[in-house]
There are 2 protein chains.
Amino acid sequence: MLLHLDPRSSTPIWEQIIHQIKELILKKILLPGDKLASVRELSSSLVINPNTVSKAYQELERQGIIETLRGKGTFVAECIVPKADEQKVEALKQSLKQLVIEALYLGIDRTEFIKMAEHYLDELGGST
Amino acid sequence: MLLHLDPRSSTPIWEQIIHQIKELILKKILLPGDKLASVRELSSSLVINPNTVSKAYQELERQGIIETLRGKGTFVAECIVPKADEQKVEALKQSLKQLVIEALYLGIDRTEFIKMAEHYLDELGGST
DNA sequence: TAAGTGTACTGCATACAATAATACACTTAT
DNA sequence: ATAAGTGTATTATTGTATGCAGTACACTTA
């Protein structure tokens, strides 16, 4: 589990952990049933507080992405059937809109933006 | 200037103001030279503190999107030539990557995501 | 002169992130 | 049984960011 944290980022550490674990799962580097590093292991290797790792794991479990067994550890859950949470989809659309606005102000044109999106969709298995 | 704020959002009010003004400019609803509502006007109509509006205007001016003349008011600047700020482009790519991850976990597939992106690019004049 | 601009500053309340230091409940291996 | 390793819970503390309140200043226009 090689995670790269940026302490100077404005996004909280526990969110960075969530993002990267999700990415590893989408890329099939972490497979269903795989054991994650323990709270104390990960917190020690990242030199952060155990509570911060615990918070990330709890949120991932709340989303059904990992499962935790007391005394045994935390594991990648089976492939989840994504439920169309209309509220979250709407929030994602707003984020996408903001991203498009920022891109246009950075001089990124339509084709370039689409190309970037396709790149990440391919990288993360968006067509599987 | 019809702005819609969400006090319960986690994104700061001053950022929400920035986002919406940028959107109005991209949509050509606000044109170069147009006068924006004054700090006190806008803060009064939105029922927020004048300092919050001032912070939004200052950031917009720092980005070269509006111009402010003391005692006269703030105005939409001339069309800016977007400079390819490599650092900001890189940050935007990371945000896009996160957005793709979230979308996939929400069950949004490749074609649907691309369709959403194209919609906003069209709406905001990404091909002009 | 008066009213309307943007700006600057202090203080205050609130919320969140992150840490520190413990303690608890459970599982596994010895 | 015991010890070590799991996740979890609690309390306290620190730092940072947001937002508001209040006030004051400098400038432009009528």
Side-chain angles (χ1 to χ4, degrees), chain A residues 1 3-21 25 30 32-77 91 98, chain B residues 1 3-21 25 30 32-77 91 98:
Chain A
M1 288 249 302
L3 303 190
H4 303 60
L5 300 185
D6 179 6
R8 295 177 305 177
S9 168
S10 64
T11 75
I13 295 179
W14 59 273
E15 276 193 44
Q16 295 184 41
I17 295 174
I18 289 178
H19 291 160
Q20 298 195 32
I21 289 181
I25 293 176
L30 285 177
D34 279 1
K35 187 176 187 305
L36 296 179
S38 78
V39 168
R40 288 172 180 76
E41 257 182 22
L42 191 53
S43 68
S44 156
S45 70
L46 296 178
V47 198
I48 57 176
N49 195 281
N51 290 332
T52 306
V53 177
S54 181
K55 182 168 186 176
Y57 280 11
Q58 285 178 53
E59 177 60 19
L60 280 169
E61 185 181 28
R62 201 191 59 77
Q63 296 181 22
I65 293 172
I66 66 177
E67 282 172 337
T68 134
L69 302 176
R70 265 195 174 173
K72 302 184 72 172
T74 64
F75 305 84
V76 178
Q98 285 317 313
Chain B
M1 287 250 301
L3 304 189
H4 303 71
L5 300 185
D6 179 6
R8 296 176 305 177
S9 169
S10 64
T11 74
I13 296 179
W14 57 273
E15 276 193 45
Q16 295 184 42
I17 295 174
I18 289 178
H19 291 160
Q20 298 196 32
I21 289 182
I25 294 177
L30 285 178
D34 278 1
K35 188 177 185 306
L36 297 179
S38 78
V39 168
R40 288 172 180 76
E41 255 182 24
L42 191 53
S43 67
S44 157
S45 70
L46 297 178
V47 196
I48 58 177
N49 194 281
N51 288 332
T52 306
V53 177
S54 180
K55 183 169 186 177
Y57 280 10
Q58 284 178 55
E59 177 60 19
L60 281 169
E61 184 180 29
R62 202 192 59 77
Q63 296 180 21
I65 294 172
I66 65 177
E67 282 173 337
T68 132
L69 302 176
R70 265 195 175 173
K72 303 184 69 173
T74 64
F75 305 84
V76 179
Q98 285 316 314

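Quick caveat, the model's predicted, so the values are computed rather than measured. Letters go in sequence order (proteins before strands), and every chain restarts at 1.
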Pairs of donor and acceptor atoms involving the side chains of residues 66-76 of chain B, under 3.5 Å and at least two apart or interchain, shall be tabulated with distances.
none

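Of the candidate nucleotides C/dC9, D/dG19, C/dA18, C/dA18 has the atom nearest to the side chain of A/T52. Nearest nucleotide to the side chain of B/W14, out of D/dT28, D/dG19, D/dA24: D/dG19. Here the side chain of A/N51 is nearest to one of D/dG7, D/dA9, D/dT18, namely D/dA9. Of all nucleotides listed (C/dT5, C/dA18, D/dT8), C/dT5 comes nearest to the side chain of B/R40. Distances from the side chain of B/S38 to the nucleotides C/dG6, D/dT18, D/dT10 place C/dG6 closest. When the nucleotides C/dT19, D/dA26, C/dA17 are ranked by their closest atom to the side chain of B/R70, D/dA26 comes out on top. Of the listed nucleotides (C/dA18, C/dA23, C/dT7), C/dT7 has the atom at the smallest distance from the side chain of B/S54.
A/I17 has its side chain within reach of A/L5: a pair of non-hydrogen atoms, C-beta onward, lies under 4.5 Å apart. The shortest distance between side-chain heavy atoms of A/L36 and A/L30 falls below 4.5 Å.
Residue A/N49 is the one, among A/N49 and A/K72, whose nearest nucleotide of DNA chain C lies closer to the 5' end (criterion: closest heavy atom).
No engagement by B/E15 is indicated, since no non-hydrogen atom pair under 4.0 Å with the nucleic acid exists. Nucleic acid contact class of B/E67 (heavy atoms, under 4.0 Å, all strands): none. No engagement by B/L69 is indicated, since no non-hydrogen atom pair under 4.0 Å with the nucleic acid exists.
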Item to check | Residues B/I25, B/D34; criterion side-chain contact (heavy atoms from CB on, under 4.5 Å); working and verdict | outcome: CA-CA 10 Å; B/I25 294 177; B/D34 278 1; over 6 Å; no

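Pairs engaging residues 44-53 of chain A under the side-chain hydrogen bond (donor to acceptor under 3.5 Å, both in side chains) rule: A/N49-A/N51 [sequence neighbours left out].
An OP1 or OP2 oxygen of D/dG19 is reached within less than 4.0 angstrom by no side-chain nitrogen or oxygen of B/K55.
Distance NE2/A/H4 to CG/A/L46: 10.5 Å, rounded to 0.5 Å.
Atom pair A/F75:CZ and C/dT27:P shows a separation of 13 Å (rounding to whole Å applied).
Panel note: side chain A/S43, backbone A/V39; a donor-acceptor pair is recorded below 3.5 Å.
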Item to check | Nucleotide-level pairing of DNA chain D, given in dot-bracket where Watson-Crick and G-U pairs need both distances under 3.5 Å and | marks other strands | outcome: ||||||||||||||||||||||||||||||

